[in-house]
Protein chains: 2
Amino acid sequence: MPRAKEFDEAEVLDQALELFRARGFKHTSFSDLVDELGVSRQSLYDTYGDKQTLYQTALRRYLDRAIDGIRRKLDDPAPVRQVFTEFFDRMIDGNCAHGSPGCLMVNSMVELSPHDADTRALAATHAREIEGLFASRLSAAQRKGEIAKSKDPIALARFLYHTILGLSVASRALGERDSLKLSAHLALQVLD
Amino acid sequence: MPRAKEFDEAEVLDQALELFRARGFKHTSFSDLVDELGVSRQSLYDTYGDKQTLYQTALRRYLDRAIDGIRRKLDDPAPVRQVFTEFFDRMIDGNCAHGSPGCLMVNSMVELSPHDADTRALAATHAREIEGLFASRLSAAQRKGEIAKSKDPIALARFLYHTILGLSVASRALGERDSLKLSAHLALQVLD
DNA sequence: GCCATAATAGAATAAACGTTCTGGAACGCG
DNA sequence: CGCGTTCCAGAACGTTTATTCTATTATGGC
């Protein structure tokens, strides 16, 4: 067995993720990563591959965590309206916490989707996954009589997803937490 | 009087705008502009200044047109709900028309706002301007009794603006026109 | 027709970029 | 202790970037 790594692979990946999230792909140079992560150039290449691969790895990690979080938050016997309200509020708190870097997926959708097929596919898959989670939770609520059966769960789910996209952009560029929460609450009136 | 320009200044600016809109600032190199606009490098510098200035000029032009369009569309005696529905539908049609380049302001908010103070200020101003237009139209509707007076026009306006942001991102990365319109219609239920 | 002026085309420049190469240092195992 | 392997620091490479320089061409008023 040879020399051991002097850094924590997952931890550094998270740091890279936050850098990409705050600055975007193109605006984050490899030298920025080397400087701010405190890991040598060659070690980064050895560990994560090139810049694009590193970005995608970080993005996938981010999405996995996001999906996990959503699944956990939706798995709550409380009334849907309350569940979604808490979910949106927490998302806004998280996005506005450290200087409003927004959502890495949204940032990727805007910066990379048009000219990167992988990102485009990932965005589409992720969107469908979230919509699916939302829709099934909404269907369950319908079965419990919490919301009207006349509403289309998929349309509602998609609308809520689109709302998240909007709030992420606003949080990144405008970043007024209170008005974001107000908007989220208005959006959730669609459930009544 | 010396030699005359061989290109139309406004027309080329619009072409540059569309390039920036489709690819973003960083992903559009100056050589791309030279190649695709059919105007020489030096002429571009002479006419519009450097790349950043050109971008901002294009963005301002885009915003002026957008505000004009909004003002014109809202200046309609029809019921608010109908007016906003038509406005959203037209916006979606426009954004999804030529390969879903999304909205230049939204793209700028995501790509540039975090590290460019000018863009950040422009985004904030523009957001307030649109919110103001929406809010005053909603207030007028309240006076005419079209929507309940209990609702806060500014909160509603802000929510509608956030909805536009979300639809722009979705149109750019996902680009399914029909579900976007469905979402817009759901969002407008907030007026009832 | 000439001259000042300004537009154009393309070479040139300097910096930044992503990536790879080189040399040496650190570690586990025999 | 060395031997092989892996890690690391920094130099080096070739490309791309934004911007400027140079030279040429075209134009309108005298």
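All heavy atoms count here, side chains included; hydrogens, waters and symmetry mates do not.
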Lys/Arg-Asp/Glu bridge criterion (N-O < 4.0 Å) met for A:E18, A:R21 = yes
**Message:** Quiz question: going by heavy-atom distance under 3.5 Å, is there a donor-acceptor pair between the base of D:dC7 and the side chain of A:Q42?
**Reply:** no
Base of C:dT8 paired with side chain of B:R41 (donor-acceptor, under 3.5 Å)
no
Round to a whole Å and report the spacing from [atom1] of [X] to [atom2] of [N].
X     : N      : atom1 : atom2 : answer
A:L37 : D:dA9  : CG    : P     : 13 Å
B:E9  : C:dT8  : CD    : P     : 11 Å
A:Y45 : D:dG10 : OH    : C1'   : 15 Å
B:F20 : D:dA18 : CZ    : P     : 9 Å
A:L33 : C:dG18 : CG    : P     : 8 Å
A:Y55 : C:dG18 : OH    : P     : 14 Å
A:Y48 : C:dG18 : OH    : P     : 17 Å
A:F25 : C:dC17 : CZ    : P     : 13 Å

*If you look at every strand shown and take non-hydrogen atoms under 4.0 Å, does B:D46 touch a base, only sugar-phosphate, or nothing?*
base
Practice prompt. Using a 4.0 Å heavy-atom cut-off across all strands, classify B:T28 as base, sugar-phosphate, or nothing.
Written response: sugar-phosphate
**Request:** Classify the side-chain pair B:S43/B:D46 by whether it contains a donor and acceptor separated by less than 3.5 Å.
**Result:** no
| field | Exercise: do A:R41 and A:S31 side chains pair donor with acceptor under 3.5 Å | value | yes
Of C:dT19, C:dT8, D:dA18, the nucleotide closest to the side chain of B:F7 is C:dT8
- Does the side chain of A:S29 get closer than 4.0 angstrom to OP1 or OP2 of C:dA16 through an N or O atom? no
Phosphate oxygens OP1/OP2 of D:dC8: is one of them under 4.0 Å from a side-chain N or O of A:S43? yes
State whether the side chain of A:N107 and the backbone N or O of A:G24 hold a donor-acceptor pair below 3.5 Å, judged by distance alone. no
Between B:R172 and B:P101, is there a donor-acceptor pair closer than 3.5 Å when you use the side chain of the first and the backbone of the second?
yes
